[in-house]
Structures are given as C-alpha cells and as structure tokens.
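Order of the sequence lines fixes the chain letters, A, B, ..., with proteins taken first and strands second; residue numbering starts at 1 for each chain.
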Number of protein chains: 2
Amino acid sequence: MARASYTLEDVAREAGVSPSTVSRVINGSARVRPGKLKAVLEAIDRLGYQPNLMAKGLAQGKSLTIGVMVQEISSPFYGEIIKGIEQGLEGTLYHPVFSTGHWQVEQEMEALRVLSARQIDALIVLDGLAPEEYFLGLARKMPLVLFGRRIEGLERNTLLVDNLQGAYRGTRHLIELGHTRIVHIAGPAHHPDARSRLEGYRKALEDAGIPFDPELVVEGDYMETSGVLAVESLLSRRVQFSAIFAANDQMAMGVMLALYRRGIRVPEDISLVGFDDLPGSSYMTPPLTTVRQPTLELGREAARAALMMLTGQPYEPPVLSTSLIVRESTAMLRVGRMAGWGR
Amino acid sequence: MARASYTLEDVAREAGVSPSTVSRVINGSARVRPGKLKAVLEAIDRLGYQPNLMAKGLAQGKSLTIGVMVQEISSPFYGEIIKGIEQGLEGTLYHPVFSTGHWQVEQEMEALRVLSARQIDALIVLDGLAPEEYFLGLARKMPLVLFGRRIEGLERNTLLVDNLQGAYRGTRHLIELGHTRIVHIAGPAHHPDARSRLEGYRKALEDAGIPFDPELVVEGDYMETSGVLAVESLLSRRVQFSAIFAANDQMAMGVMLALYRRGIRVPEDISLVGFDDLPGSSYMTPPLTTVRQPTLELGREAARAALMMLTGQPYEPPVLSTSLIVRESTAMLRVGRMAGWGR
DNA sequence: TTGTAGGCGTTATCAG
DNA sequence: CTGATAACGCCTACAA
C-alpha cells in the first residue's frame, strides 16, 4: 500500500506558488497570471495530482454527491432509471451514491440514514415507503426528488408518469382488437402506480361500454411468480377471458410461462399486454406488446431536477407520458379461442 | 433548506463534556465514565446527531467507501453481483460506490479516476478493460479485487469462476442427450471468460469423440441481438445443427426469439443451453437450461475479499464453480429434427 | 478518565 | 493578481 497521493500543497511547492493559487487554477475561481497558470498546470500533471474530494467537501460544506434510495438496485426496471440518473449527472461534478431499501420500511430508513451520514447534497427517492413526515422533513434539509410516491406538499419534488393514461391505452388496444373479456393482473394495492393502472383499465372498459367484472382482476406483487399464480388461479376458477393486461412486464413474463405450460398460445389463444417495456421485453417469445414507461428519461429528469434545485433554479416537474409499443403478443380476437371456455 | 446538522461539538456542549469525549463514545475508542457516557448518548439522540463521514474520513485518511467499477450497472448479470457486494458489505461501516465503464476503456479510466478522487479505501473491478500496468499500479495503492480479468502478479486479487468446467458441463449435457451437431455462440474473443467457455465446449466434444467443426462456432458480443444474428447466419449458411450452446443467457434469449420467428421449436427441434442463469432465465418460454454462475456469491466474496485486505488479513481467493441447471429448453435428439437439414 | 491542541486537504476571506 | 490565515468536523496524540 504505497504512498498517499499528492496534495494541493505539493503542487504549490512544485509550481513555486501558493496553495491558494493552485486552488484558484483548479476551480477557475479567479484570474491567475498566465505564467503561473502554466506552471501550476504542469505541476499538476507532472505529479498526477488529484484533488481530495472529501477535503473539498468538508471545506465547502458539500459532498458533490447525490444520494439515490432505490428499493432494488438489481431490477431491470430500476436499472434503467439508475442508468438515466448516471447519464443525467455525467459531465457534472456530482456523483450518485446508491442505497437500497428492499421494500422494507426499516431498511429504507436505514438506507436513508446511511446516505445522510455521507452528507449527500441532494436526494432522489424511487418508490419511497417511509412515512410522509419523514420526507417532508428531508425536503426541508436538501433538494429532494421523489418518484412513485405522492405526498401532499411535495408536488414540486415529484416526478409523475401518467400511469392511468398508459393503462388506458394498453387496455384500449386490446379492446380494439375485439377483446372484451380482458383480465387485469394488478400491482400491489398499496402502490399508487398500481392503483392508477387499475383505474386506467377500468376507464377504458367503461368508455367502451364493457361492464367491469371484478372476477377478471387479480392482484399480483409485480414479480414474475405472481403472474404465473394469477393465471393458475384464473384457470382453476374457470374464468373466461381472451386477453390479459398485466400491470408490469415482469408479471407478463410469468403469465407467458404459465400459459406456455398449459399449452395456451400467445397471441393465438390469448393476447397479452404488459407495462414498462423492460430491456428484455422485446426479446420475449413472442416479443411483448407493452406500455412503455420512459425509464431512462425518468432517470435523467430526476438528475436534472436535483441539479436544478441544487443551483436554486426554479423547477417545475413534468408529467412523463407513456406510449404503447405494439409487438407480437397481441392479436385480433378469434372466436372459440378463449381460455376457460366450456370447461 | 434549513439548518445544517449538528456537529460533535454541539453534542459535547449539550452533554457538558469535551469533544474528544464524545468522539470516544462514538467510536468506543476508550473507556468513558458511565455518567458521562450516558449524558453523551442522551445528547446524541436528543439532537439526532449524525457524524459527518467526510470529516471523519479526512481526519482518518479513510473514506469508509469501497469503489466498484462495473461496465454496466443496469445489466441482469452485474445486477446480481452488485447485490452480492451490497450484501457482503452490510453491517460493516463500508459502503459501495459505483461507477460505470460501459465497455469503453476511456470511460473506464475516467470512472476509476472519479472513484479515486473520492478516496475509496478499496476497489472492486468487474471486467476491467484498462491496461495491466494500470491495475498493477492500483493494487499497490489500495486493496484491489478483480473479476473477469487475469493479470500476472495479481492472482491473489482475482476471483475466478471455472468457466471451462461450466462450458464443459453444458456441452456434455447436450451430448448426453444425443446431440452431435452442437453450435456454440461464443462471447467476444478478447474476453477471457468467453475464451474459456469456448475451450470447455471444444474439450467436451473432444472427450466425446465428436470432431470440432469451426463452422458451428459463431462469435457474438454477449448481447441478445447477437444471438438472433448468429441464428440467422447459421440458417442462411444452411449449417446443420440440432443444439445450441450459447456463451451467455442473453444471447440464448436472442436465439430463442430467432428460432421462434422461423417456427423452429425449442426443445423439440433444437435444444438450447445458456450460461449465467440470470434471474429471468427461469421465466423464459421455455425455461432455459443453463450453466449457473454463482453471481450473488461472487459479489459477496468480492466484498469479503476487500474487507479482508482492508484489515490486513491474508486472503486466498477461491475458484467458484458453476452448476448445470436443467430446465426445459433441452431434450433428447429426435431424428429428422435438425435445423438446416435438406435445404 | 478527560481535556487541549494540532492536523487532515481544501476553500474563503482579507490584506497587500 | 497573490499569499497568509482561518475555518470545515473529526480524530489523535499529549498532557493533566
């Protein structure tokens, strides 16, 4: 474990100037005589000097770090958002630091605590579960960007995706293909996005004059397994349906597997629509028709929001919209092709 | 943006003791009279005091941070490793900080630079592309853990997965099912793991007395697309084969799609084996038979290695082994069922 | 057992 | 334009 790295003072000595001058050169915080500037620059790369961000942070009372609380870092959905955040921070001096909550309030609070001990300058929270007051408190201390959670008083800190509209589109697509017995595999009831999607589904049915049938709605937990469980429950209950609108792609994947197991074909027998458009969804067999969420843009926007707030600029959060990506898991309804029929 | 947080000095004042005493209490670095201890503890939580890690870091010359250079943070494969690293660091004072290289040497060096500016105490590099000397230099400065790259002189810092053996097993599984015309979709030739897998494939053939046919090997880039491209190339070249061993699951997914498009069924017409066992692979249709890499364990081990080195304990890296997970994408060879036959 | 003083690497203030 | 000098919040001798 060799020598520590060089300090600003070393550079100053090497260049024959004072530390303050070196600091000025590095930060461009004031004009410096060309001759000295050159000397400093040369000294810097002769020594391979790298400023110590911790010291800089201490001195400035900033850490140049943006905390990101995410429930699962290894999830295709959050992965894209994270990527977006990274992209949005690229080129700035800020760096993201992640901490995971694993959908556990306790762990989430701990994650938040860890981040705050690291003196993060701003915080991005994806699907926060902690109590409202906690976030209200945080927002008073630092720039806060929320996604997946609505809290009164924090509207300006919240990034919204139009889930209702997205679900409406996904459902209407199926209706336009002639389907009327459309199953909805919903997300967890406590998740606001899941509720909006369910609502969009209902609204699309309503607008088409198709009566809402509670029997067609099954609640899942956004994981693949719950997709297979949902199908199995439907089938064992002999529910009739010709299409499924899953509240996310992961559950849709489970659905595909369950149908495959039963020898039910997609889209010939059952049409399937997902939500999210995960990176892998276009490679499912068949490629999944889904409602795309602009995850990458979302991440970038979150970063942008944090940066704007950090520089005290006024920020007005946009409502990001979804789009229907029609691939191969949906097809026109064919009579006599309905799962659950006659047995 | 309310008040800054409390400092150790505030706590000291509140508790009626000196700052050093507070410090001692927090770090347990020396005995403190019970009375004062209690006073300090109370003051701490009355104020909700949180130590400033940057200041602590500066003072101690440590950052309590472990840098992780990963090529893609949003990839199912690295995602699992990252999760493992997090798990391995849980309960310690260390926290991981990620930076991505995007398979670009330039970006990787930049990522490494960013990490080092943050004074990381140890570094974990997943599939590093930078020049050998660079890593040799890094290893001299701090604990370094490498994965996916072998560098002479850094054997003790390198976590190895037995890729050759894994590929051997995957291939032999196909051979045991009666297949002899087995395609291998290899990873990028410059990637050491990809080379080992190709080697394992060859060795399995050789041991079974099946002649190696270069026509059956196609090089991919580990992404889904290259899986579909490979199949298309094979088919257009009228190559005959009844099974495919893909060097990773993502390419296998591409393969499935390409076969599906051509109406070729898995496993009835073609058997397919992947490598990695990504979280989603058990939900492919059909669920993929694959060679499992212990990604989670790998991450945990990387963390453990870093921690051991950090505390100066001797560390001897293990060779992690793979295991064959048989699911539904492979089946006995049936005559007359070979793609490319007779046209 | 406890407090005081100095230092970690930077930046900011203030003379010059 | 430039150089001292004093913080930033914490830790660690050293002295008491």
Partner set under side chain to side chain donor-acceptor pair (under 3.5 Å) for [X], not counting sequence neighbours:
{"X": "B:N52", "answer": "none"}
{"X": "B:Q87", "answer": "B:R300"}
{"X": "A:Y49", "answer": "none"}

Could you tell me the separation between the [atom1] atom of [X] and the [atom2] atom of [N], rounded to a whole number of Å?
{"X": "A:Q119", "N": "D:dC8", "atom1": "CD", "atom2": "C1'", "value": "11 Å"}
{"X": "A:L8", "N": "C:dG9", "atom1": "CG", "atom2": "C1'", "value": "7 Å"}
{"X": "B:Y6", "N": "D:dC8", "atom1": "OH", "atom2": "P", "value": "17 Å"}
{"X": "A:N27", "N": "C:dG9", "atom1": "CG", "atom2": "P", "value": "17 Å"}
{"X": "B:R31", "N": "C:dT2", "atom1": "CZ", "atom2": "C1'", "value": "14 Å"}
{"X": "A:I26", "N": "C:dT10", "atom1": "CD1", "atom2": "P", "value": "7 Å"}

Side chain of A:S18 only, heavy atoms from C-beta on: which candidate in C:dG3, D:dG3, C:dT11 is closest?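 For A:S18, the side-chain atoms sit closest to D:dG3.
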
Output a table of donor-acceptor pairs, distance under 3.5 Å, between side-chain atoms of residues 30-42 of chain B and any protein atom two or more places apart or on a different chain; print 'none' if there are none.
from: B:K38; atom 1: NZ; to: B:E42; atom 2: OE2; distance (Å): 3.3

Close residues, residues 38-45 of chain A, relative to DNA chain D [heavy-atom separation under 4.0 Å]: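 Under 4.0 Å from DNA chain D: no residue of residues 38-45 of chain A.
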
Near-strand residues of residues 47-64 of chain B, defined as heavy-atom separation under 4.0 angstrom from DNA chain D: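 Within residues 47-64 of chain B, the residues near DNA chain D are B:Y49, B:P51, B:N52, B:A55, B:K56, B:A59, B:Q60.
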
Could you list all the side-chain hydrogen bond (donor to acceptor under 3.5 Å, both in side chains) pairs where at least one residue sits in residues 75-86 of chain B, not counting sequence neighbours?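 As it turns out, the side-chain hydrogen bond (donor to acceptor under 3.5 Å, both in side chains) pairs with a partner in residues 75-86 of chain B, which skip direct neighbours, are A:S74-B:E80, A:T100-B:E86, B:Y78-B:D127.
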
In the structure I gave you, are the side-chain heavy atoms of B:E301 and B:P317 within less than 4.5 Å of one another anywhere?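 The answer is no, as the side chains (C-beta and beyond) never meet within the 4.5 Å cut-off.
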
If you define the side chain from C-beta out and look only at heavy atoms, does anything of B:F135 sit under 4.5 Å from B:L112?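 Yes, their side chains come closer than 4.5 Å.
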
Flag for B:S18-B:T21: side-chain donor and acceptor within less than 3.5 Å: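 Short answer, yes.
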
Please check if any side-chain donor atom of B:Q313 sits under 3.5 Å from a side-chain acceptor atom of B:T311, or the reverse.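 Yes, because at least one side-chain N or O of B:Q313 sits under 3.5 Å from a partner of the opposite role on B:T311.
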
Partners meeting side-chain contact (heavy atoms from CB on, under 4.5 Å) with B:E106 (sequence neighbours left out):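 So B:E106 forms no side-chain contact (heavy atoms from CB on, under 4.5 Å) with any residue.
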
Look only at the side chain of B:D121 and the backbone of B:I66, and say whether a donor-acceptor pair between them is shorter than 3.5 Å.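 Side chain of B:D121 to backbone of B:I66: no pair is present.
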
DNA chain C: A:S20 or B:V17, which has the more 5' nearest nucleotide?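 Result of the comparison: B:V17.
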
Could you pick out which residue, A:S23 or B:R33, lies toward the 5' side of DNA chain C when each is mapped onto its nearest nucleotide?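 By nearest-heavy-atom nucleotide position, the 5'-most residue is B:R33.
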
Quiz: residues 142-154 of chain B side-chain donor-acceptor pairs under 3.5 angstrom, not counting sequence neighbours:
from: B:R149; atom 1: NH1; to: B:G128; atom 2: O; distance (Å): 2.9
from: B:R149; atom 1: NH1; to: B:A130; atom 2: O; distance (Å): 2.8
from: B:R149; atom 1: NH2; to: B:A130; atom 2: O; distance (Å): 3.0

Within the sub-3.5 Å range, which N or O atoms of nucleotides 14-16 of chain C have a protein N or O partner, and how far apart are they?
none

Kindly calculate the angle separating the two end axes of the helix from C:dT1-D:dA16 to C:dG16-D:dC1, each obtained from five base pairs, and round it to 10 degrees.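 Its terminal axes enclose an angle near 40°.
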
Phosphate contact (D:dC11 OP1 or OP2) by B:S29 side-chain N/O below 4.0 Å: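 Checking D:dC11 against B:S29, no side-chain N or O comes under 4.0 Å of OP1 or OP2.
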
Salt bridge (charged side-chain N to carboxylate O under 4.0 Å, His left out) partners of A:E72, counting only residues at least two apart: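 Not a single residue meets the salt bridge (charged side-chain N to carboxylate O under 4.0 Å, His left out) criterion with A:E72.
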
Starting from the C-alpha separation in whole Å, work towards a yes-or-no answer on side chain to side chain donor-acceptor pair (under 3.5 Å) for A:Q71 and A:E108. CA-CA 8 Å; A:Q71 298 297 348; A:E108 175 177 325; 2.9 Å; yes

